[in-house]
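First comes the structure, then the notes that go with it.
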Amino acid sequence: MARWKIPNSSIARKNRRGCFLVVGLLLLLIAALALVGFHANPINELKSDIPVLG
């Protein structure tokens, strides 16, 4: 069985690059949020005062 190789069009290449760019930006955002979250000060639940309306 012969395999037919479909040539990549310029639109397909641009879409692939854009997809990798969006995935890369999302990974960078998740990494930045994780870095900030892991370096934050821990919260003491027993001493925290949460204001409640009512």
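Atoms considered below: every heavy atom in the structure, side chains included; atoms not considered: hydrogens, waters and symmetry mates. Everything quoted here is computed from the prediction, not taken from an experiment.
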How does the hydrophobic cluster around L25 look, that is, which other residues are in it when side-chain heavy atoms under 4.5 Å mark a link?
L21

For L29, does the CG atom have more than 12 heavy-atom neighbours from other residues, nucleotides or ligands under 6.0 Å away?
yes

Output the distance between atom CG (L35) and atom CG (L28), rounded to the nearest 0.5 Å.
11.5 Å

Reported CG-to-OG distance for the pair N15 and S10, which is rounded to 0.5 angstrom:
9.5 Å

When clusters are formed from ILVMFWY side-chain contacts under 4.5 Å, directly or step by step, what else is grouped with F38?
none

